[in-house]
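Throughout, protein chains are lettered first and strands after them, A, B, ... in sequence-line order, and every chain is numbered starting at 1.
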2 protein chains.
Amino acid sequence: MTHSTAARKIKDQANLFAALGDPTRLSLVAKLIDNQLHSISELSNNKEMTRQAVTKHLTVLENVGLVTKIKEGRESLYMIDTAPLKSLQDYLDIIASQWDKSLLQLKLFIEE
Amino acid sequence: MTHSTAARKIKDQANLFAALGDPTRLSLVAKLIDNQLHSISELSNNKEMTRQAVTKHLTVLENVGLVTKIKEGRESLYMIDTAPLKSLQDYLDIIASQWDKSLLQLKLFIEE
DNA sequence: AACATACGCAACCTAAAAGTTGCTTATTGT
DNA sequence: ACAATAAGCAACTTTTAGGTTGCGTATGTT
């Protein structure tokens with residue numbers, strides 16, 4: 001329940017970035033972006049690593065809310081959730097706007 | 001010069017995410033966003049870690065192009081570069097739009 | 001000249017991430 | 001019933017990230 005201090009927030013944000021900070025997980029997101037359900041063994045195909053390794057990566061993505069697991073029969077199906085991605089977009093927008101504001105203030109300072 | 005295969009691209013992108021995937025580096029970016037030059041020792045203040053640790057984090061940020069180092073006298077001054085951030089924004093936009101497109105196709109499929 | 005400040009370099013430690021191997025369980029197909 | 005497929009669990013190894021300590025060097029200050 002992530003009790004909301006500023007340090008907590010920045011840590012959550014960092015965890016989200018970190019979840020995407022791995023080539024394997026990034027390619028998993030790319031595969032899942034078609035909005036379909038994908039099983040673990042399907043996602044493990046064409047990867048030069050074991051199924052268990054892929055499972056771990058999927059768990060990392062799940063822990064930050066980027067994917068959801070649905071058990072169906074003997075399969076574990078994963079689907080993407082874009083809400084965290086939108087959160088990241090907002091974060092980057094804030095940084096960018098903050099930067100623009102600083103630039104403006106710098107300009108005003110120089111011209112005064 | 002990062003010879004541009006698809007694997008290379010996804011790795012670069014992952015490195016960029018990974019660079020932001022640490023609370024310390026995220027707070028460094030927050031400090032640098034004021035568009036001013038900041039020395040290492042200044043950036044090390046109020047942090048419960050050594051100057052050398054901060055230096056390492058700055059190097060990570062520098063390696064992905066998020067900051068630039070300028071040597072001035074005995075000081076090493078860092079400034080932010082937002083180009084990589086914009087690249088990340090573009091990346092997230094692409095993912096989001098891809099997701100929307102998939103949703104549309106799914107809707108069309110269901111309705112046909 | 002003497003001292004303090006700012007930093008670089010390199011070796012080292014430790015904890016966590018990434019990945020493997022081996023085994024077990026549950027589900028599906030024949 | 002039997003074989004094959006899909007996945008979970010746990011122990012283990014290896015690599016890397018994050019951080020410290022110690023020392024040297026350059027620049028600034030008095």
Side-chain angles (χ1 to χ4, degrees), chain A residues 7-8 10-32 36-80, chain B residues 7-8 10-32 36-79 84:
Chain A
R8 179 79 257 159
I10 210 172
K11 206 167 182 182
D12 288 346
Q13 205 69 39
N15 282 339
L16 194 45
F17 276 116
L20 295 171
D22 177 281
T24 301
R25 290 196 292 268
L26 219 42
S27 74
L28 285 173
V29 168
K31 272 196 185 174
L32 288 165
Q36 308 280 344
L37 294 170
H38 297 269
S39 72
I40 294 180
S41 49
E42 182 200 341
L43 293 170
S44 303
N45 290 345
N46 312 325
K47 292 223 186 302
E48 73 286 349
M49 77 181 64
T50 61
R51 171 182 57 83
Q52 287 85 343
V54 173
T55 300
K56 284 195 181 182
H57 283 298
L58 286 169
T59 303
V60 172
L61 293 175
E62 194 183 12
N63 285 339
V64 297
L66 273 167
V67 302
T68 307
K69 174 157 75 166
I70 298 170
K71 192 95 200 195
E72 191 161 303
R74 64 179 161 182
E75 292 183 312
S76 278
L77 302 175
Y78 283 87
M79 64 178 284
I80 202 166
Chain B
R8 180 79 258 158
I10 210 171
K11 206 166 183 184
D12 288 346
Q13 206 70 39
N15 283 339
L16 194 44
F17 276 116
L20 294 172
D22 176 279
T24 302
R25 290 196 290 269
L26 220 42
S27 73
L28 284 173
V29 168
K31 270 195 186 176
L32 288 164
Q36 307 281 342
L37 294 170
H38 297 269
S39 72
I40 294 180
S41 47
E42 181 201 341
L43 293 170
S44 303
N45 290 344
N46 313 325
K47 294 224 185 303
E48 71 287 353
M49 77 181 63
T50 60
R51 170 182 58 83
Q52 285 86 343
V54 173
T55 299
K56 283 195 181 182
H57 283 299
L58 287 169
T59 302
V60 172
L61 293 175
E62 192 182 12
N63 285 340
V64 296
L66 274 168
V67 302
T68 307
K69 174 156 75 165
I70 298 169
K71 192 98 199 194
E72 191 160 302
R74 63 178 162 183
E75 291 182 313
S76 279
L77 302 175
Y78 283 86
M79 63 178 284

Please tabulate, one pair per line, each protein N/O and nucleotide N/O from nucleotides 1-4 of chain C that are separated by under 3.5 Å, including the distance.
none

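- Nearest-nucleotide assignment on DNA chain C puts the 5′-proximal partner with Ser76(B), out of Glu75(A) and Ser76(B).
- When side chains are defined from C-beta on, Tyr78(A) counts as touching Leu32(A), because their heavy atoms get closer than 4.5 Å.
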side-chain contact (heavy atoms from CB on, under 4.5 Å) between Met79(B) and Ile70(B), intermediate numbers included: CA-CA 8 Å; Met79(B) 63 178 284; Ile70(B) 298 169; 3.9 Å; yes
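- Other residues, nucleotides and ligands place more than 12 heavy atoms under 6.0 Å from the NZ atom of Lys31(A).
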Would you be so kind as to tabulate the donor-acceptor pairs closer than 3.5 Å made by side chains of residues 53-61 of chain A, with sequence neighbours excluded?
unit_1   : atom_1 : unit_2   : atom_2 : d
Thr55(A) : OG1    : Arg51(A) : O      : 3.0
His57(A) : ND1    : Arg25(A) : NH1    : 3.1
Thr59(A) : OG1    : Thr55(A) : O      : 2.9

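- Counting only heavy atoms from C-beta outward, the side chains of Leu20(B) and Leu66(B) approach each other to under 4.5 Å.
- In this structure, Asn15(A) CG and Ile10(A) CD1 are separated by 11.5 Å, a value rounded to the nearest 0.5 Å.
- Atom NZ of Lys11(A) and atom CD of Gln13(A) lie 14.5 Å apart (nearest 0.5 Å).
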Test log, rule side-chain contact (heavy atoms from CB on, under 4.5 Å), inputs Ser39(B) and Glu72(B): CA-CA 10 Å; Ser39(B) 72; Glu72(B) 191 160 302; over 6 Å; no
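- The distance from atom CG of Leu77(B) to atom NE2 of His38(B), rounded to the nearest 0.5 Å, is 9.5 Å.
- Put simply, chain B comes within 4.0 Å of DNA chain D, heavy atom to any atom, from dG18(D) to dG28(D), going 5' to 3'.
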Test side-chain contact (heavy atoms from CB on, under 4.5 Å) applied to Thr50(A) and Ser44(A), step by step: CA-CA 7 Å; Thr50(A) 61; Ser44(A) 303; over 6 Å; no
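- Between the C1' atom of dG8(C) and the CD atom of Glu62(B) lies a distance of 13 Å, rounded to the nearest Å.
- End-to-end axis angle of the helix from dA1(C)-dT30(D) to dT30(C)-dA1(D), from C1' rotation axes over five pairs per end: 30° (rounded to 10 degrees).
- Shown for residues 65-73 of chain A: residues whose heavy atoms fall under 4.0 angstrom of DNA chain C, namely Gly73(A).
- For the atom pair CG of Leu37(A) and OG of Ser76(A), the computed distance is 11.5 Å after rounding to the nearest 0.5 Å.
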Met49(B) and Thr24(B): CA distance, side-chain angles, deciding distance, side-chain contact (heavy atoms from CB on, under 4.5 Å) verdict: CA-CA 10 Å; Met49(B) 77 181 63; Thr24(B) 302; 3.4 Å; yes
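- Residue Gly65(B) comes nearest to Pro84(B) through the heavy atom pair O-CG, 3.3 Å, listed as atom of the first residue, atom of the second, then distance.
- For the atom pair CG of Asn63(A) and CG of Leu16(A), the computed distance is 12.0 Å after rounding to the nearest 0.5 Å.
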Per-nucleotide protein contact string for nucleotides 10-25 of chain C, where B marks a base within reach and S marks sugar-phosphate only (heavy atoms under 4.0 Å, - for neither): --------SBBBB---
